[in-house]
Amino acid sequence: MESKKESNFQKIIAHAKEYGFIYPSSDIYDGLSAVYDYGPTGCELKKNIKDYWWKSMTQMHQNIVGIDAAIFMHPTTWKASGHVDNFSDPMIDNKDSQKRYRVDHLIENYSSELEQKGLEKEARDLINLMDLHLKNEDFSALKALILSHNIKCQVSNTCNWTDIRQFNLMFKTEIGSVAEEANTLYLRPETAQGIFVNFLNVQKSSRLKLPFGIAQIGKAFRNEIVARQFIFRMREFEQMEMQFFIPPGTQKKWFEYWKETRLNWHLSLGTPHSKYQYKPHVKLAHYADAAVDIEFEFPFGFKEVEGIHSRTDYDLSRHQEFSKKKMTYFDPETNQHFIPYVIETSIGLDRMFLAILSQAYTEEPVPKEDGSTEERIVLKLPTKLAPYKLAIFPLTKKDGLPEIAQTIYKECQTSFYCFYEEKDSIGKRYRRQDAIGTPCCVTIDHQSKEDQTVTIRHRDTMLQERVAIKDLKMLINSYL
RNA sequence: GCGGAAGUAGCUCAUUUGGUAGAGCGAUAGCCUUCCAAGCUAUAGGUGGCCGGUUCGAGCCCGGUCUUCCGCUCCA
């Protein structure tokens, strides 16, 4: 079973490349680890997922507006958010057990062992030394400290340590032509902070009253130590986030509201409920007072596709503290100033893409005329997400059929994406559209010249019906 | 990061013990046919991941390196 799932995942990856959904980045240079490019069909599908989310958030909610913040942000942003302190840790590996430790945890553990033995002074000295070396980022001194105290790995019970390495999960770069400490910029590791620092701008310019939300879609970057599983964990990825600002004390109610609303959004795409589950966080992040993941059953198991976090007033308070700007909201009804609480919904666009793709990928037997069966591969994408909505085929290349087909193409292309092809047999053309998930194909045949009708062939059922050419556009639009 | 496996045409794979690469599918053009991947003809496409070594000669042997996959590890 497991191996079948795995091989299915391999097939999805191969299919994604073959049909122009996703390629490895810089493919001609053998790819770049954990970075992928979206191809012609892939970028349409991705864009359609984005649009579907964006509209459900902004267009469908009077009190949610969008922004598009820059990827570069003032360096202090990341001090305030806690990313500079929490996102970067010196690590050390034990070569025998192959277990990795955070250096500070390793030394702190040993220090508390010393304390228990009554060696309180030694313990204190050790911690003081560690703090000094950590502050100076003197890794060789830190390693010497570990070795001189004979600190052992709890698994292998040896001191066979690697050198200490810094794993900073934020990508660094410099602004300006001179590389100085003060000019260090980070590529944002999450999009949320762009919303928080714009909270006052948006609230005032849009004259919004609590509760209200700010939505954003954008790239974020994390220098993951290990990034794997295709586009599930990439170093450059795209988030669709909404921060919902509320009065303090109402966070439980709104957390439940968004938890339910967001799951319903996923289910509205037709995916069976059994493919989704909630996973509450047991260990909460430093900023949260409640958190739940919405997990999807990927080919490699249930994994997070979206997170809903009750972030309290942590972010706005921290920005108020670091920027010295008041981040409070004045409630005219109660005549009170306060820092709003925040419920965050954060969905990984690439993960959503993978969820949609793996849910849609289907291999199914097709009975042939001679009684045998063959297999077809079909992407059963929701119609609103499909890259192309309609493929238009003249049955033959002559007798004026291509001309009629082109007329239909021109008529429809203003309303939705169409695909035109006259090459190869009709069956082959149908199957190619199955493979990229086009929900409908119309074929122009000789009868079309007589009575102005065409056959429309449906992707999932493979059934055909005859419709008037003049009704075609309306019919497809009714599916969207 | 550690361990294991792999890298030959767009894809799936061949190439018997070292003698400068083939097939199927796919692609393109044409013919014939026309409602579920039909047939025929022709064409294009590879300095065998990359670098180095051994050898008269390396896709094959050796070393290094990059990338991918699997397992561990990590993942506010």
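What's counted below: heavy atoms across the whole structure, side chains too, no hydrogens, waters or symmetry copies. The model shown is predicted, which means the values in this text are computed figures rather than measured ones. Proteins come first, then strands; the chains are lettered A, B, ... in the order of their sequence lines, and each starts at number 1.
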Is the closest basic N to carboxylate O distance between A:Glu363 and A:Arg376 below 4.0 Å? no
A:Phe296 and A:Phe298: aromatic ring centres closer than 6.0 Å? yes
Expressed as a whole number of Å, how far does the P atom of B:A9 sit from that of B:G59? 14 Å
Mate of B:G39 where both pairing distances stay under 3.5 Å, Watson-Crick or G-U: B:C31
Heavy atoms from C-beta onward define the side chain here; which of B:A27, B:C75, B:C32 lies closest to that of A:Lys398? B:C32
Considering just the side-chain nitrogens and oxygens of A:Arg432, establish if one lies under 4.0 Å of OP1 or OP2 belonging to B:A27. yes
Might you list the N or O atoms of the protein lying below 3.5 Å from N or O atoms in nucleotides 9-12 of chain B, with each pair's distance?
unit_1, atom_1, unit_2, atom_2, d
B:C11, OP1, A:Lys17, NZ, 3.3

From the options B:C75, B:A37, B:C35, select the nucleotide whose nearest atom is closest to the side chain of A:Tyr19. B:A37
Scan side-chain atoms only and decide if A:Tyr420 and A:Glu422 contain a donor-acceptor pair under the 3.5 Å cut-off. yes
Kindly say whether, by distance alone, the side chain of A:Asp445 makes a donor-acceptor pair under 3.5 Å with the base of B:C35? yes
Counterpart base for B:A58, defined by Watson-Crick or G-U wobble contacts under 3.5 Å: none
For a quick test of your reading: what N or O donor-acceptor pairs under 3.5 Å do the side chains of residues 343-355 of chain A make, sequence neighbours left out?
unit_1, atom_1, unit_2, atom_2, d
A:Glu344, OE1, A:Arg311, NH1, 3.4
A:Glu344, OE2, A:Gln243, NE2, 2.9
A:Glu344, OE2, A:Arg311, NH1, 2.5
A:Ser346, OG, A:Glu241, OE2, 3.0
A:Asp350, OD1, A:Tyr38, OH, 2.7
A:Asp350, OD2, A:Glu238, N, 2.8
A:Arg351, NE, A:Phe232, O, 2.9
A:Arg351, NH1, A:Glu304, O, 3.2

Taking A:Arg459 for the side chain and A:Val378 for the main chain, is one N or O donor matched with an acceptor at less than 3.5 Å? no
If pairing means Watson-Crick or G-U wobble with both distances under 3.5 Å, then the partner of B:C74 is none
